[in-house]
Amino acid sequence: MNLFEHLLDPANWSGAEGIPARIGEHLTYSVAAMALAMVIALPLGILIGHTRRGNLLVAGLANATRALPTLGLLVLVVLLLGTGMLPVVLALAVLAIPPILNSTVVGFRTADPDAVLAAAAMGMTGGQQIRQVELPLASPLIMSGLRSATLQVIATATVAAMAASGGLGRYVLDGQKRADGYPEMVTGALLVMVWALVADLLLGALTRVAQRRSSGRRRVRTDLFDTDEAEPGPDTRNKGASA
């Protein structure tokens, strides 16, 4: 048996159930779920991280999500809302919110305290501190959380086929029902793995860019502080002149 027979057959690369269509469905589920999770988790994480309030909320969400069975959550949402794209996206977004929220809060809380204090001393408003100081410094950890959540969503979207939905998991589920379905299962598993690797590489590159920018801001702040400390103050200069 050629395990790549289904993947290499040109007939499977067209039509409503063809490989491009399944990849599109999987991509749509993943992107829509991540967009919804980011809209909810990023502002909430920034607010909690900046104000240093809401620790119990973050810990409670993280613990509750770990306890949720993925398939059980998906089936529950489908029973409540029916089949289709919306229930799948909602279930995936619920799983993606905690890692994004947690990484954002931790990123803000671990931002260089000297830089934050300096921004406050300069008279920056809360919004200016967030945009110009805390958010750039926290961006590497935020990107790390987005990366983790994206991989989790891509993997879990495969299970969506069990809830009468499409995506690449459809190949795995349909192949299991047939005695000769191994090539179809290999197609689904292989394409999910490729999609996850591509997303991981892209987000890894963005994370490295965020780390370089964050390090650059720390160096600029350090240079400014060093310059201020090296420059003699007005009192010192007066004393030197009188002597």
Side-chain angles (χ1 to χ4, degrees), residues 4 7-8 12-13 18-46 49 61-62 65-66 70 74 85-86 88-108 110-111 130-132 134-161 165-172 185-219:
F4 300 100
L7 180 65
L8 299 178
N12 295 322
W13 285 84
I19 291 174
R22 294 301 186 199
I23 292 176
E25 290 171 346
H26 209 96
L27 183 64
T28 302
Y29 294 156
S30 305
V31 172
M34 283 301 299
L36 179 59
M38 288 168 63
V39 166
I40 296 172
L42 285 178
L44 185 59
I46 290 173
L61 276 176
T65 306
R66 289 193 192 100
T70 302
L74 193 59
M85 177 178 169
L86 180 61
V88 175
V89 170
L90 288 178
L92 294 176
V94 168
L95 298 174
I97 285 175
I100 300 174
L101 177 63
N102 189 56
S103 64
T104 305
V105 172
V106 173
F108 268 66
T110 56
I130 291 173
R131 289 192 303 273
Q132 299 180 26
E134 291 175 306
L135 188 57
L137 293 175
S139 57
L141 274 178
I142 295 175
M143 286 304 304
S144 176
L146 290 174
R147 188 177 179 182
S148 173
T150 300
L151 295 179
Q152 183 177 0
V153 164
I154 292 173
T156 310
T158 310
V159 184
S165 297
L168 294 170
R170 196 75 250 167
Y171 290 130
V172 178
M185 294 169 63
V186 168
T187 297
L190 190 61
L191 291 177
V192 169
M193 184 178 66
V194 171
W195 168 219
L197 287 174
V198 169
D200 189 47
L201 289 174
L202 289 175
L203 291 172
L206 291 176
T207 302
R208 286 191 289 276
V209 171
Q211 287 171 341
R212 282 198 293 270
R213 290 184 175 179
S214 178
S215 300
R217 284 180 175 269
R218 286 194 183 95
R219 282 198 296 271

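All residue numbers in this chain count up from 1 along the given sequence.
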Any pair counted as salt bridge (Lys or Arg N to Asp or Glu O under 4.0 Å), so long as it reaches residues 96-106, sequence neighbours left out: none
Least distance between heavy atoms, Thr150 atom then Leu146 atom: OG1-O, 2.7 Å
Any pair counted as salt bridge (Lys or Arg N to Asp or Glu O under 4.0 Å), so long as it reaches residues 90-106, sequence neighbours left out: none
Qualifying side chain to side chain donor-acceptor pair (under 3.5 Å) pairs with a residue from residues 21-45, counting only residues at least two apart or across chains: Arg22-Glu25
Distance, nearest 0.5 Å, that separates OG1 of Thr110 from CD of Glu134: 10.5 Å
Ala37 versus Ala96, closest heavy-atom pair with distance: CB-CB, 3.7 Å
Point-to-point distance, once rounded to the nearest 0.5 Å, from CG of Asn12 to CD1 of Ile19: 5.5 Å
side-chain contact (heavy atoms from CB on, under 4.5 Å) partners for Ala32, two or more places apart: Met85, Val89
Nearest heavy atoms of Thr207 and Ser144, plus distance in Å: OG1-N, 4.4 Å
Thr156 side chain to Val153 backbone, donor-acceptor under 3.5 Å: no
Heavy-atom closest contact (Leu137 atom, Ala111 atom, distance): CB-CB, 4.0 Å
Gln152: partners by side chain to side chain donor-acceptor pair (under 3.5 Å), with sequence neighbours left out: none
Short side-chain to backbone donor-acceptor contact, Ser148 and Gly145, under 3.5 Å: no
Heavy-atom side-chain proximity of Leu141 to Phe108 below 4.5 angstrom: no
Thr104 OG1 to Ile142 CD1 distance, which is reported to the nearest 0.5 Å: 4.5 Å
Table please: side-chain donor-acceptor pairs of residues 186-205 below 3.5 Å, with sequence neighbours left out.
| residue | atom | partner | partner atom | Å |
| --- | --- | --- | --- | --- |
| Thr187 | OG1 | His6 | ND1 | 3.1 |
| Thr187 | OG1 | Leu7 | N | 3.3 |
| Thr187 | OG1 | Pro183 | O | 3.0 |
| Asp200 | OD1 | Arg147 | NE | 2.7 |
| Asp200 | OD1 | Arg147 | NH2 | 3.3 |

Pair Thr158-Leu168, side chain to side chain contact (heavy atoms under 4.5 Å, CB included): steps then yes or no: CA-CA 6 Å; Thr158 310; Leu168 294 170; 5.7 Å; no
Trace of the side chain to side chain contact (heavy atoms under 4.5 Å, CB included) decision for Leu92 with Leu36: CA-CA 9 Å; Leu92 294 176; Leu36 179 59; over 6 Å; no
Gap separating the CG atom of Asn102 from the CD1 atom of Ile97, nearest 0.5 angstrom: 13.0 Å
For the student: nearest non-hydrogen atoms of Ala149 and Ile100, plus distance: CB-CG1, 3.8 Å
